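Each remark here refers to the structure printed beneath this line.
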Amino acid sequence: MKFNSLIDMGLVQESGQTSQAPWGLINNIYSDIIFVKNTPILVNVFQEDINSLSMNYEFQLKDNSVNASIDDISENDIKKEVSRIFDLDFDLDKFYRYLSNDSKLKPSAKFCRGLRLFLAKDYFESFVSSIASANNSIIRWTKSISKIRQKWGNEIQFPSGTFYTFPSPEILKSVYEDDLGEYEGCGRTIEIECCIKNLKSCGVGYRAPYMKKTSEIFTIETDIQEIPTMKYEEAFETVLDLPGVGPKVADCILLYGFGFREAFPSDVWIKRIISYLYFPGKDISVDKVREFGMEKFGAYAGYVQLYLFHHARKSGLMKKLK
DNA sequence: GTTCAGGTGAGCC
DNA sequence: GGCTCACCTGAA
């Protein structure tokens, strides 16, 4: 089945949006489990040919599935969810016309043609993933998320193979934090050097307690459920209250997770890029850069951030700015 | 072996 | 309120 919207799937997957790690990649097909009406569905997405920049998808229900037949879930439900995750209704042509009006933004459109938001398939996953991304590299972050899924996610068999879901808040809030916790927790029945099923063993470092606490809050907090209906400012304050969530991570959760396109996630790289383009020779604080981006780009702030960041990454501007 | 990059939170003023 | 520094890991 096919979507006709312009999209570069490889670019979306590798763009480091913290709502989720890149989907599994085999033979140019990206695969992951999404949930439609609480039923796990394996989705494969791929480009028919590299030049077309349109996207195909197919799906599978799990093996031995008794209660989940395609009768309960319409193909249209699945299509709508895939379309939502890749933000396919966003009008890229209109956005490119907007970019072409600013000579500083214009080059990024060509470099990142077909780049779209990679929205959360699961809100909890986007919170934990974003917290794990703070002060981290994309490579290390991706490895950590993959380990978390393999250690605590549900293993589900599909016709084309075994996949792991992202673990639930109930599971993640009670996992061991580090080697010592695991050693003590299992009654010292194993050597401490052999402890491998704790959060720090996934390489998340000091973020482990933040991730556990946020998982616990997720099992009780009700405010979080209201975020999709909130205005941006209120949503920002709500998300900021969580441990391990500062302004940067909050904006990542709101933009990549929930699709608040007025968010302008600002880290040192965006600060360097914005300073280089709009305030040459000056040192603008990250906080000021965030204000500047939201004020100047308005409803397009999130997409502009996405495009500037990846243009800088791909064009070698980042190395130059460092 | 050492140094460094990368956001957040705690402790301090 | 603002400022400084520790936090963990892996790459250089």
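These values consider heavy atoms only, across backbone and side chains, with no hydrogens, waters or symmetry-generated copies. Quantities reported herein were computed from a predicted structural model and do not represent experimental measurements. Here is the naming used below: chain letters follow the sequence lines, and residue numbers restart at 1 for every chain.
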Discussion item. Checking A:Tyr98 against A:Asp91: is there a side-chain donor and acceptor pair closer than 3.5 Å?
Written reply: no
Worksheet item: For the pair made of CD1 in A:Ile138 and C1' in B:dG7, what is the distance, rounded to whole Å?
Response: 15 Å
Practice prompt. Compute the ring centroids of A:Phe118 and A:Phe86, then answer whether they are less than 6.0 Å apart.
Written response: yes
Worksheet item: When all nucleic acid strands are considered with a 4.0 Å heavy-atom cut-off, which category describes A:Val286: base, sugar-phosphate, or nothing?
Response: nothing
Response to the item:
Between CH2 of A:Trp269 and C1' of B:dG7 the distance, given in whole Å, is 15 Å
Discussion item. For A:Phe260 and A:Phe236: C-alpha separation, side-chain torsions, deciding distance, then whether ring-ring contact (aromatic ring centres under 6.0 Å, His included) applies.
Written reply: CA-CA 10 Å; A:Phe260 282 89; A:Phe236 185 74; over 10 Å; no
Response to the item:
Between A:Pro107 and A:His311 the two heavy atoms that sit nearest each other are CB-CE1, 3.6 Å
Worksheet item: NA contact type, A:Arg272, heavy-atom cut-off 4.0 Å: base, sugar-phosphate, or nothing?
Response: sugar-phosphate
Discussion item. What is the separation between atom CE on A:Met211 and atom P on B:dG7, rounded to the nearest whole Å?
Written reply: 17 Å
What side-chain donor-acceptor pairs closer than 3.5 Å can you find for residues 240-250 of chain A, not counting sequence neighbours?
none

Worksheet entry | Residue A:Ile220 excluded, over 12 heavy atoms near CD1 under 6.0 Å | yes
Pairs: protein N or O with nucleotides 9-13 of chain B N or O, under 3.5 Å:
from: B:dG9; atom 1: OP1; to: A:Gly244; atom 2: N; distance (Å): 2.5
from: B:dG9; atom 1: OP1; to: A:Val245; atom 2: N; distance (Å): 3.2
from: B:dG9; atom 1: OP2; to: A:Val245; atom 2: O; distance (Å): 3.4

Worksheet item: Can you name the closest pair of heavy atoms from A:Gln305 and A:Pro265 and give their distance?
Response: NE2-O, 2.9 Å
Worksheet item: So, A:Arg149 and A:Glu125, do they make that salt bridge, N to O below 4.0 Å?
Response: yes
Fill in: Span of DNA chain C, from the first to the last nucleotide whose atoms fall under 4.0 Å of chain A heavy atoms
C:dC7 to C:dA11
Item to complete: Under 4.0 Å between any heavy atoms, over every strand shown, what does A:Val204 touch: base, sugar-phosphate, or nothing? Just pick one.
Response: nothing
